[in-house]
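Single-structure report; data block below.
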Amino acid sequence: MKKIALVGAAGNVGRKIVEIINERDSFPDVSITPIGSMRSQGEKIHIKGHDLAVVHIDTIDFSHYDLAIFAAGSKAAQDYVPKATQAGCPVVDCSSFYRMDPKVPLVVPPVNLKDVERYTEKKIISSANCIASPITTVLAPLHQIAPIDRVVLSTYQSVSGAGKDAMNELMHQTKAFYTTMPYQRKVFPKDIAFNVLPMIDVVHPNGNTGEETKIALEIKKVLDRNISIAVQSVRVPVFISHCVSVFVEFSGAITPDQAKDALRLSPHVTVIDDMKNYYSALDAAGEDQVFVSRLRYDPSVENGLIFWTASDNLRRGAALDAVEIAEHLLTKYL
Ligand SMILES: NC(=O)C1=CN([C@@H]2O[C@H](COP(=O)(O)OP(=O)(O)OC[C@H]3O[C@@H](n4cnc5c(N)ncnc54)[C@H](OP(=O)(O)O)[C@@H]3O)[C@@H](O)[C@H]2O)C=CC1
Ligand SMILES: N[C@@H](CC(=O)OP(=O)(O)O)C(=O)O
């Protein structure tokens with residue numbers, strides 16, 4: 001029986017990984033160890049019919065595992081992924097820490113699952129950011145029928161993207177607003193309840209944030225380095241699902257109907273035809289698809305389209321990507 005170490009099992013993405021494994025009955029002959037820090041040590045996680053206690057990472061000998069999935073953030077990835085790989089255990093990492101390393105494949109399963117085969121170089125595979133993954137998923141079929149020159153993205157990112165503490169902050173701040181209970185901000189620099197924050201992550205000297213920079217670089221790495229990309233990332237008071245306004249300029253003519261037909265061929269995308277209807281953040285929550293609506297011509301450029309996407313950020317671009325990569329790696333290579 002193969003063994004998987006799941007690091008960050010009690011976090012937002014870790015719990016979603018477990019939910020998806022239970023739903024899909026992934027890894028039938030595999031045992032899974034939930035792993036965390038001191039904070040979640042001993043917490044029970046229900047995996048494949050058993051309540052398993054979270055084990056402290058410092059007690060783990062990775063040489064006893066066939067695969068590790070890390071959903072624990074960049075710091076834990078920096079500190080512990082090398083311990084796993086040096087012990088011979090390949091890693092699927094959900095953090096941004098290794099994504100731009102040329103020796104690490106950055107995999108968005110609907111687009112470049114075959115790149116998993118390159119895991120041998122460093123024994124690490126990175127999964128992509130929760131905007132980069134769904135946007136690459138919808139751009140890839142379009143890029144095949146009409147090469148893309150430029151993309152402009154305005155994101156509407158839910159608080160679950162910032163982890164479970166951020167979800168608690170939105171919930172408690174919302175309650176405090178109505179009850180006049182005092183509430184101390186911990187995660188976001190300004191109130192997130194009833195507000196919209198046009199900055200996610202640290203700001204670089206060029207004015208772009210870390211989040212905006214990651215999104216652009218990751219889409220280029222997976223899809224095509226020649227595409228020009230501009231991003232504005234915004235945090236909104238929504239618990240789950242990230243939405244994006246997408247403006248795409250193509251090198252040649254493409255009609256909205258051609259674009260919709262190309263997207264319909266993807267099993268990972270759902271497109272709506274009715275121009276009076278749309279998909280909201282809540283419509284996408286709990287779903288595996290990337291939902292596309294309001295697809296139309298951009299009247300301001302020669303070959304442009306505008307559309308709206310909604311996707312569950314804890315699934316596509318996080319837990320679902322990690323599970324699909326792990327399934328592929330285990331069945332084909334381990
Ligand atoms: N949320 C999203 O939309 C997306 C998230 N990701 C990535 O997924 C990862 C997890 O994010 P998310 O689940 O939202 O974050 P959370 O804060 O909700 O969870 C993080 C988890 O990691 C564990 N952890 C942190 N540090 C350590 C450590 N040193 N050793 C062991 N366990 C540790 C925590 O355990 P404990 O509770 O014990 O502290 C916690 O269970 C991040 O790398 C993030 O970048 C990627 C794409 C999208
Ligand atoms: N930063 C994203 C979520 C995330 O964790 O992204 P990354 O894996 O690229 O750090 C958000 O806040 O919505």
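Remember, it's 1-based here, ligands and their atoms both numbered in the order they're listed. Just so we're clear, the structure is a prediction, and the values are computed from it rather than from any experiment.
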Should [X] be counted as touching ligand 2, given the test is an N or O pair under 3.5 Å?
{"X": "Glu218", "result": "no"}
{"X": "Ile200", "result": "no"}
{"X": "Ser158", "result": "no"}

Between the OG atom in Ser133 and the CD atom in Glu218, the distance rounded to the nearest 0.5 Å is 9.5 Å
Element-labelled atoms of ligand 2 that are located less than 4.0 Å from some non-hydrogen atom of [X]:
{"X": "His242", "answer": "13 (O)"}
{"X": "Cys94", "answer": "8 (O)"}
{"X": "Cys130", "answer": "2 (C), 3 (C), 13 (O)"}

- Are Lys2 and Asp29 close enough, and set up right, to give a salt bridge (Lys or Arg N to Asp or Glu O under 4.0 Å), and what steps lead you there? CA-CA 7 Å; Lys2 294 237 161 50; Asp29 292 322; over 6 Å; no
If you define the side chain from C-beta out and look only at heavy atoms, does anything of [X] sit under 4.5 Å from [Y]?
{"X": "Ser293", "Y": "Phe307", "result": "no"}
{"X": "Val151", "Y": "Val246", "result": "yes"}
{"X": "Val81", "Y": "Ile124", "result": "yes"}
{"X": "Trp308", "Y": "Ser245", "result": "yes"}
{"X": "Glu327", "Y": "Phe27", "result": "yes"}

Residues pairing under ring-ring contact (aromatic ring centres under 6.0 Å, His included) where one sits in residues 180-209, two or more places apart or in two chains, turn out to be Phe177-Phe194, Tyr178-Phe194
Looking only at protein heavy atoms, which one is nearest to [atom], and how far off is it?
{"atom": "atom 2 (C) of ligand 2", "result": "Glu211 OE2, 3.3 Å"}
{"atom": "atom 6 (O) of ligand 2", "result": "Asn129 ND2, 3.5 Å"}
{"atom": "atom 3 (C) of ligand 2", "result": "Gly161 O, 3.0 Å"}
{"atom": "atom 9 (O) of ligand 2", "result": "Arg99 NH1, 2.6 Å"}
{"atom": "atom 7 (P) of ligand 2", "result": "Lys214 NZ, 3.3 Å"}
{"atom": "atom 12 (O) of ligand 2", "result": "Arg235 NH2, 2.5 Å"}

Across all chains, not counting sequence neighbours, the side chain to side chain contact (heavy atoms under 4.5 Å, CB included) partners of Ser233 are Thr155, Gln157, Ile200, Glu211, Glu212, Ile215, Val231
Item checked: Pair Asp66 + Lys3: basic N to acidic O under 4.0 Å -> no
Review point. Out of Ile45, Leu67, Ile21, which residue meets the side-chain contact (heavy atoms from CB on, under 4.5 Å) rule with Ile32?
Key: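 The single option meeting the side-chain contact (heavy atoms from CB on, under 4.5 Å) with Ile32 is Ile21.
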Ordered by chain then number, the protein residues lying under 4.0 Å from ligand 1 by heavy atom are Gly8, Ala10, Gly11, Asn12, Val13, Gly36, Ser37, Arg39, Ser40, Ile57, Ala71, Ala72, Gly73, Ala76, Tyr80, Cys94, Ser95, Arg99, Cys130, Ser160, Gly161, Gly163, Lys164, Asn313, Leu314, Gly317, Ala318
- Does ligand 2 have any atom that is closer than 4.0 Å to a heavy atom of Ser95?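 The answer is no, since Ser95 has no heavy atom less than 4.0 Å from ligand 2.
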Salt bridge (charged side-chain N to carboxylate O under 4.0 Å, His left out) pairs touching residues 239-257, sequence neighbours excluded, are Arg150-Glu249
